[in-house]
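Notes for the one structure printed next.
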Amino acid sequence: MPELPEVEAIRRHLASTLTNMSIDRASVRRRDVIRDLGGRRRGRLHPADLGVGRRVEMVDRRGKQLIVRLEDGIGIVIRLGMSGRLELHPRGSRSTSPHRHVVWMLRGAGTSPETRLDFIDPRRFGGVHLAQSPSDLEERLLAGLGPEAHTIAPETLYDRLRRTSRSIKTAMLDQSVIAGVGNIYADEVLFAAGVHPNQPANTISRPQVKRLADALRVILQKAIEQGGSTIQSHTLPDGGVGNFASHHKVYGRGGLPCTRCGDSLDRVVLGGRSTTFCATCQGVHPHG
DNA sequence: CTTGCGTCCTGCTCGC
DNA sequence: TGCGAGCAGGACGCAA
């Protein structure tokens, strides 16, 4: 569910709290959210797999994935899927969610109180992946991801879009092309760049690519600063909500007037995903 | 190899 | 008020 800005906002919260804390213990309430690095649901589980006994060195993000880096090159990768979220609570506080699948207890140096990290995911499209070594992490999980969407250079984006004849929207949602864009920001970026979502990626012109790369940088960065877009279940680990949804120009606005020209926004299904755009401002395949 | 479609899940909203 | 249909921020597996 969350896209790059939401995951980045979550990462910042987790990093400020969890860095240098040690994992005292962990428990798994639903085994099927634990995945191997290929994404398959995992059978057996050893406590060390969840980082028990190790210190958190940093919390990273790659695309939509969170990476809790522990001592000895071990990493826990968390994908939130459509409905996943992470919550931080003081030890002992009650949780009301029936979908709390993984729980970690962490403690800082000395006698500091324990903090609890909950992984909650009603639909269970998300999951917790376990990497036993840096090579596991890089070669099998993070490989195959394209460049970060908010910092990609126009020339790099151009080269990558040349490789596929799929629609530009489908290509932007493909994490191996660029990493971090989901359905909200794909529509927002295409609108800002004035590009029709159905235009084949390999026909996107250099001026269009420049506008797309600019829009990716500006929109994603702004959304990060606003704490992401809260549509339904996106919340930050402290319970706060993101404020970027009020800036959406097209997502969720099908049938409403375009903020730029006033014409009614179109809503279609493209690649199985709801797609909203302005046929006037994002005219058909303008190639430039 | 690439591409498009079905599937995995629960919860919420809307119309009857 | 209840009930079913439709929809949801993602990404994998599979068949053509």
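Just so it is clear: chains get the letters A, B, ... in the order the sequence lines come, proteins before strands, and each one is counted from 1.
With a 6.0 Å radius and a threshold of 12 heavy atoms from other residues, nucleotides or ligands, A:R55 has its CZ atom above the threshold.
Atom pair A:L142:CG and C:dA11:P shows a separation of 13 Å (rounding to whole Å applied). Per the geometry, CE belonging to A:M172 stands 17 Å off C1' belonging to C:dA11, to the nearest Å. Rounded to whole angstrom, the span from the CZ atom of A:R166 across to the P atom of C:dA11 amounts to 13 Å. As rounded to whole Å, 19 Å separates atom P of B:dC1 from atom CG of A:N202. In this structure, A:R85 places its CZ atom 15 Å from C1' of B:dC9, rounding to the nearest Å. The interatomic distance linking A:D174 (CG) with C:dG13 (P) rounds to 14 Å, in whole Å. Protein atom OH of A:Y185 is 15 Å distant from nucleotide atom C1' of C:dG10, rounded to whole Å. Distance A:Y251 OH to C:dG10 C1': 12 Å, rounded to the nearest Å.
Phosphate contact (OP1/OP2 of B:dT3, side-chain N/O of A:T164, threshold under 4.0 Å): present. At C:dA11, one or more side-chain N or O atoms of A:Q175 fall inside 4.0 Å of OP1 or OP2 (strictly under the cut-off). For the OP1/OP2 pair of C:dG10 and a distance below 4.0 Å, the side-chain nitrogens and oxygens of A:R124 include no atom meeting the criterion. Dashed line: the shortest gap from a side-chain N or O of A:R273 to OP1 or OP2 of C:dG10 is under 4.0 Å. At least one side-chain nitrogen or oxygen of A:S274 sits closer than 4.0 Å to the OP1 or OP2 atom of C:dA8.
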- Just do the salt bridge (charged side-chain N to carboxylate O under 4.0 Å, His left out) check on A:R11 and A:D60 with the steps written out, would you? CA-CA 7 Å; A:R11 185 199 70 77; A:D60 276 345; 5.2 Å; no

- Message: Is there a salt bridge (charged side-chain N to carboxylate O under 4.0 Å, His left out) between A:E8 and A:R61? Walk through the geometry before answering.
- Response: CA-CA 7 Å; A:E8 175 61 20; A:R61 178 193 56 74; 2.8 Å; yes

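Comparing A:L173 and A:R123 against DNA chain C, the residue whose closest nucleotide sits nearer the 5' end is A:R123.
Here A:G272 lies out of heavy-atom contact (under 4.0 Å) with every strand. A:T170 comes within contact range of no nucleotide atom at all, as no heavy-atom separation falls under 4.0 Å.
Under the stacking definition used here (centres under 5.5 Å, planes under 30°), the residue A:F125 qualifies as stacked on the base of B:dC8.
Partners of A:R253 by side chain to side chain donor-acceptor pair (under 3.5 Å), not counting sequence neighbours: none found.
Judged purely by distance below 3.5 Å, without hydrogens or angles, the side chains of A:Q199 and A:Q282 never pair a donor atom with an acceptor atom. When only modelled atom types and interatomic distance are considered, A:S97 and A:S95 share no side-chain donor-acceptor pair under 3.5 Å. No side-chain donor-acceptor contact under 3.5 Å links A:S167 and A:N198. Between A:S165 and A:N202, the side chains place no donor N or O within less than 3.5 Å of an acceptor N or O (distance only, hydrogens not considered). Judged by distance alone, the side chains of A:S229 and A:H248 do bring a donor and an acceptor atom under 3.5 Å apart.
With C:dA8, B:dT10, C:dA11 as the choices, the nucleotide that has an atom nearest any side-chain atom of A:H99 turns out to be B:dT10. Counting only heavy atoms from C-beta on, A:N183 has its side chain closest to C:dG10 among C:dA8, B:dT10, C:dG10. Among the nucleotides B:dT10, C:dG10, C:dA11, the one closest to the side chain of A:P122 is B:dT10. The nucleotide whose nearest atom lies closest to any side-chain atom of A:S165 is, among C:dC12, B:dT3, B:dG11, B:dT3. Checking C:dA8, B:dT10, C:dA11 against the side-chain heavy atoms of A:R267 singles out C:dA8 as nearest.
For DNA chain C, if you chain together Watson-Crick or G-U pairs that step i with j, i+1 with j-1 and so on, the runs of at least three with distances under 3.5 Å are B:2-8 with C:10-16, B:10-16 with C:2-8.
Taking atom P in both B:dG6 and C:dG6, the straight-line distance is 15 Å, to the nearest Å. Comparing C:dC14 with B:dC9, their P atoms sit 15 Å apart, to the nearest whole Å.
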